[in-house]
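Given the structure is predicted, the values throughout are model-derived calculations rather than measurements. A note on names: the letters A, B, ... follow the listed sequences, proteins ahead of strands, and every chain is numbered from 1. Note that these values count all heavy atoms, side chains included, but never hydrogens, waters or copies made by symmetry.
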There are 2 protein chains.
Amino acid sequence: MSDRSHTAQSRSECPVATALDVLGDKWTLLVIRDLLDGRRRFSEFERSPEGIPTNILSDRLKKLTEAGLIEARPRGTTTRFDYVPTDAAVALRPTLLALAAWGNDHFADTWTPPATWLEQSAES
Amino acid sequence: MSDRSHTAQSRSECPVATALDVLGDKWTLLVIRDLLDGRRRFSEFERSPEGIPTNILSDRLKKLTEAGLIEARPRGTTTRFDYVPTDAAVALRPTLLALAAWGNDHFADTWTPPATWLEQSAES
DNA sequence: CAGTATCCATTTTGATACTG
DNA sequence: CAGTATCAAAATGGATACTG
């Protein structure tokens with residue numbers, strides 16, 4: 001619920017700091033990862049191996065929508081949505097790739113990004 | 001104090017998740033940014049515009065040291081240190097650059113990385 | 001299924017004071 | 001300067017129950 005003031009730099013003029021205002025927590029970038037991996041529905045994010053709690057997931061989807069990284073498209077007549085990454089979210093792919101490469105180099109063994117990471121547009 | 005189990009992937013096999021186990025919070029990547037920007041002393045980190053509290057800074061320097069991203073070199077005979085980035089920390093520069101570029105593109109106006117970001121080795 | 005709400009324990013933050 | 005200690009407030013986490 002707290003306003004992250006995403007319309008401008010809130011903590012400083014440093015773009016890293018402003019980016020971290022939106023992304024700097026334990027779960028947000030994992031949601032983005034799943035988004036870039038082609039997931040669209042609540043349950044799809046939920047079943048990621050890290051096991052994000054449903055209340056946290058709900059909160060992050062909301063905040064990312066407010067921050068302009070997700071477009072929540074109503075599905076049918078229900079309260080359900082498809083969570084579609086905006087261009088701003090898609091633009092995070094280089095960051096995610098760099099982060100994944102680093103994590104892989106320094107903490108894991110071998111790993112290659114899924115094919116879905118290498119091409120994909122903002123719109124379905 | 002809590003062990004982050006940095007010696008292996010703790011939350012899953014995904015390198016993004018393992019990277020986030022070390023970096024996924026509000027302050028850590030800002031400390032890394034300052035480290036890559038050439039800062040070495042407690043007070044230098046402290047005076048960054050974001051205003052990190054001293055107890056948080058102390059904690060992060062400790063955790064980054066445990067995680068192998070910082071080498072804490074004693075300075076003189078006191079309890080003071082120079083905090084030097086290891087190769088693992090330096091290897092985060094592409095990630096930071098990508099993140100900064102994204103933050104700049106989507107939340108700020110114009111910005112270019114400081115010259116210190118473009119070249120610098122792990123050792124002083 | 002697709003979420004929202006609630007409760008409660010744990011963690012993190014932030015401000016400030018304090019020590020060598 | 002270079003941190004450590006303390007403590008209240010806020011955020012987060014996890015389990016579980018609930019609604020349409």
For the pair B/Lys26 and A/Asp21, find out whether any cationic side-chain nitrogen is under 4.0 Å from an anionic carboxylate oxygen. no
A/Ile56 atom CD1 is separated from C/dA9 atom C1', nearest whole Å, by 13 Å
Of the candidates D/dA2, C/dG3, D/dG13, the side chain of A/Lys26 sits closest to D/dG13
If pairing means Watson-Crick or G-U wobble with both distances under 3.5 Å, then the partner of D/dG20 is C/dC1
query = Is a side-chain donor or acceptor of B/Arg39 paired with a backbone partner of B/Glu44 at a separation under 3.5 angstrom?
reply = yes
- Item | Carboxylate-amine/guanidinium proximity below 4.0 Å for B/Asp82 and B/Arg75 | yes
Rounded to whole Å, the CG-C1' distance (A/Asp59 to C/dA5) equals 13 Å
To the nearest angstrom, the CH2-P distance between B/Trp27 and D/dT12 comes to 14 Å
Original post:
Are A/Ser43 and C/dC1 close enough that a side-chain N or O sits under 4.0 Å from OP1 or OP2?
Top reply: no
note: B/Glu46, atom CD; C/dT16, atom C1'; distance rounded to Å ~ 13 Å
- request: Kindly say whether, by distance alone, the side chain of A/Arg80 makes a donor-acceptor pair under 3.5 Å with the base of C/dC1?
  value: yes
Query raised in the report: Thinking salt bridges, do A/Arg33 and A/Asp37 make one under a 4.0 Å N-O criterion?
Result: no
Can you check whether B/Lys62 has a side-chain N or O nearer than 4.0 Å to OP1 or OP2 of D/dG3? no
note: A/Leu57, atom CG; D/dA15, atom P; distance rounded to Å ~ 15 Å
Taking only the side-chain nitrogens and oxygens of B/Ser58, find out if one of them lies under 4.0 Å from OP1 or OP2 of D/dG3. no
*Classify the nucleic acid contact of A/Tyr83 as base, sugar-phosphate or nothing, counting any heavy atom under 4.0 Å across all strands shown.*
sugar-phosphate
Next item on the list: Output yes when at least one side-chain N/O atom of A/Arg60 is less than 4.0 Å from OP1 or OP2 of D/dG13, else no.
Entry: yes
note: B/Asp25, atom CG; D/dG13, atom P; distance rounded to Å ~ 11 Å
Between CD of B/Glu44 and P of D/dC1 the distance, given in whole Å, is 11 Å
task: Looking at every strand, decide which applies to A/Thr54 at a 4.0 Å heavy-atom threshold: base, sugar-phosphate, or nothing.
output: base
To the nearest angstrom, the CD-C1' distance between B/Glu50 and C/dT13 comes to 15 Å
Closest to the 5' end of DNA chain D, once B/Asn55 and B/Arg47 are matched to their nearest nucleotides, is B/Arg47
Test item: side-chain donor near acceptor, B/Thr28 and B/Asp25, under 3.5 Å: yes
Taking only the side-chain nitrogens and oxygens of A/Arg75, find out if one of them lies under 4.0 Å from OP1 or OP2 of C/dA2. yes
